[in-house]
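Beneath this line is the structure, given in structure tokens, with notes to follow.
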Amino acid sequence: MVRFAEVGLRYGGPGDGPGAGPEVLRGVSFTLTPGSFHWLLGPSGAGKSSLLRLMHLAVRPSRGEVEVLGTRLSTARRAALPALRRRIGVVYQDFRLLPHLSIFDNVAQPLRVAGRAERQVRADVTEILRWVGLVGKADAAPAALSGGEQQRVAIARAVVIRPALLVADEPTGNLDVAQARRVMSLLQQMHRLGTTVVVATHAETLVAEYPAPALRLAEGRLVSHG
Amino acid sequence: MRLRRTRGRDPLGLRRVLSDRLLPALAASMALLAALALAGARGAADLAARWEGGAATALTVQMPHGARADRALAALAAMPEVGEARLADQARLAALLRPWLGEAPAIPLPSVIELRLARLPPDPAALAQRIAQAVPGATVEAHGVWVARLLALARSLQAVALAALLLVAGIATAVVTVAVRAGIAARRNAIDILHELGATDGDIAGRFARRVALLVGLGALGGTLAAAPVLAGFADLAAPLLGGAAAMRVQDLPWARLPWAELALLPPAAAAIGWLTAQVTLRLWLRRLP
Ligand SMILES: Nc1ncnc2c1ncn2[C@@H]1O[C@H](COP(=O)(O)OP(=O)(O)OP(=O)(O)O)[C@@H](O)[C@H]1O
Ligand SMILES: [Mg+2]
């Protein structure tokens with residue numbers, strides 16, 4: 001479950017956190033039920049990535065309450081957040097793969113952070129890489145992959161721990177239509193497995209192809225939900 | 001491009017940014033300095049211990065034959081520099097002189113007065129002169145004053161060596177801090193990603209700390225081993241001062257005299273400084289992340 005109540009966000013604080021800059025999100029309130037699939041729509045600069053950042057605990061709100069998977073951020077201790085982050089899968093707009101690690105190790109990272117046994121890591125990573133069609137590239141460096149392949153690695157890393165919440169920021173931004181459909185079917189599969197999924201995009205054709213409830217942002221405000 | 005699988009050992013790529021060259025080399029040179037300081041402190045302590053006995057009696061006054069010792073004692077005790085004046089024990093004197101005079105000396109032994117000084121005189125020769133005037137015909141021996149001076153010097157050398165040791169530890173902390181900060185800057189992105197994947201501060205700080213402790217510990221071990229022959233050489237130079245003889249061959253150097261216990265502590269101490277400094281630096285830095 002994800003709940004936002006009168007959330008405001010300013011950048012410019014230490015480490016990109018809440019600070020004194022202009023408010024990029026203003027009075028945002030909504031609730032996502034567990035296991036739902038939502039589009040997050042809006043023009044460039046509307047605050048989609050910022051809203052997702054709040055959802056996966058990369059920033060804290062400047063005001064209002066954010067509740068993620070039953071934890072209220074306003075009262076949560078900082079030490080409680082790592083465990084919560086491990087239940088959230090994130091596909092970043094710019095992938096954020098570790099360039100010095102192989103594809104295998106990149107995808108394995110969430111499992112290792114969670115302290116899983118190496119035998120299980122190997123099995124799970126191999127399975128996920130097969131799922132996204134990249135077993136053959138397991139030992140390649142991220143830089144040696146095409147944009148679409150890197151996108152699929154990012155998705156594999158996001159879902160390998162079977163998160164309760166999956167947020168994807170423009171996961172089809174760099175892809176041709178066929179690749180985009182493939183990525184969408186992966187995300188839909190996760191949704192069908194019971195994961196709460198939020199996908200930010202400005203590709204309206206894709207939204208038309210996969211109809212689902214949508215959060216619409218404009219200039220930092222939520223203009224429609226549903 | 002293909003990459004080897006890491007089995008999760010080094011997700012931050014620290015082998016690259018905390019390389020096995022610079023930090024160990026710095027740690028080695030600092031351990032070398034620390035070893036020199038340690039040996040200096042130990043050597044000064046040894047010399048001080050040896051001289052302490054000699055310095056207890058600063059001056060000896062040998063009375064002319066037939067002179068009244070009690071008058072001389074009273075005159076000497078009245079001098080402001082003199083802390084204590086007492087007659088040397090005749091039996092002890094006889095024992096001291098036995099090699100030259102035999103079991104039953106034919107000549108009567110001179111009376112000798114031993115003086116402890118309240119404080120070291122600025123000019124021992126002048127004091128000796130004034131004593132000779134106070135006790136006519138007496139011979140004054142002032143070598144004890146010089147021994148006391150050397151003792152004070154050895155004591156301050158010991159203090160300086162310990163201060164140098166502290167200074168080296170401080171510099172080591174600063175060096176590790178700089179290296180760790182550079183490592184953070186180089187891996188800022190990877191740290192962010194690991195943090196967002198749910199790694200705890202302890203997790204990330206621990207990776208840096210273990211790497212730094214390993215590098216610094218190994219470097220310090222190398223530096224300490226390199227210092228050992230140098231120290232043995234010094235100990236050899238000091239041997240005659242401590243009542244020994246200089247060695248002619250390497251294996252005859254006074255290896256046993258090196259402060260091995262303290263030296264053995266250097267690498268673990270260096271590793272501990274590295275570990276702790278990295279932990280503190282990382283944890284302070286990580287607090288800026290949400
Ligand atoms: N780290 C940051 N520091 C300061 N300002 C930021 C930061 N990230 C985003 N912003 C600002 O916040 C506003 C919203 O940005 P955001 O990235 O959330 O938009 P978006 O809807 O994701 O846009 P796009 O569709 O182009 O990805 C923008 O005005 C942007 O300049
Ligand atoms: Mg964005």
Side-chain angles (χ1 to χ4, degrees), chain A residues 13-18 53-54 56-61 73 78-90 92 94-106 108-118 121-122 125 137-145 157-158 160-161 163, chain B residues 1-23 179-212 215 279-290:
Chain A
D16 269 4
R53 254 175 235 146
L54 283 166
H56 65 77
L57 319 180
V59 289
R60 283 188 180 232
L73 294 198
R78 186 171 174 277
L81 298 185
L84 193 53
R85 288 194 183 98
R86 289 178 210 154
R87 298 171 60 204
I88 305 170
V90 187
Y92 297 93
D94 51 356
F95 313 146
R96 286 168 66 76
L97 302 177
L98 291 166
H100 52 277
L101 293 186
S102 68
I103 297 307
F104 183 96
D105 284 327
N106 264 284
Q109 219 34 248
L111 297 169
R112 287 176 175 151
V113 163
R116 302 284 164 77
E118 198 57 26
V121 169
R122 217 168 316 127
V125 172
K137 305 266 185 182
D139 293 322
L145 266 58
R157 183 181 64 184
V160 72
I161 41 161
Chain B
M1 181 167 59
R2 299 186 86 74
L3 296 174
R4 276 191 32 230
R5 295 190 189 179
T6 65
R7 301 178 58 82
R9 272 191 290 268
D10 190 18
L12 290 168
L14 296 183
R15 270 161 214 248
R16 225 5 174 346
V17 295
L18 293 174
S19 86
D20 48 7
R21 305 254 166 80
L22 188 59
L23 207 48
V180 166
R181 290 232 179 102
I184 292 175
R187 286 297 185 241
R188 163 89 217 234
N189 203 28
I191 293 173
D192 276 349
I193 293 173
L194 231 60
H195 175 78
E196 290 184 5
L197 289 178
T200 59
D201 290 1
D203 204 349
I204 295 170
R207 291 188 183 280
F208 270 87
R210 283 193 295 276
R211 175 84 184 147
V212 168
L215 294 180
Q279 281 277 354
V280 170
T281 310
L282 255 294
R283 281 174 190 267
L284 285 179
W285 188 87
L286 283 167
R287 271 206 235 149
R288 72 189 62 195
L289 299 182

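Residue numbers start from 1 in every chain, and the chains themselves are labelled A, B, ... in the order their sequence lines are given, proteins ahead of strands.
- With a 4.5 Å cut-off on non-hydrogen atoms, A:Arg96 touches chain B through its backbone and its side chain both.
- Of the possible polar contacts, none joining the B:His195 side chain to the A:Ala58 backbone as a donor-acceptor pair under 3.5 Å is found.
- A:Leu97 touches chain B through its backbone: at least one of N, CA, C or O sits under 4.5 Å from a heavy atom, while the side chain does not.
- A salt bridge is absent between B:Asp10 and B:Arg211: the closest approach of a Lys/Arg side-chain nitrogen to an acidic carboxylate oxygen does not fall below 4.0 angstrom.
- For chain B, the nearby part of A:Arg157 is the side chain; its heavy atoms alone come within less than 4.5 Å.
- With a 4.5 angstrom heavy-atom cutoff, B:Asp192 touches chain A via backbone and side-chain atoms both.
- By the side chain to side chain donor-acceptor pair (under 3.5 Å) test, B:Asp203 is found to be paired with no residue, residues two or more places apart in sequence or in another chain being considered.
- By the salt bridge (Lys or Arg N to Asp or Glu O under 4.0 Å) test, B:Arg16 is found to be paired with no residue, residues two or more places apart in sequence or in another chain being considered.
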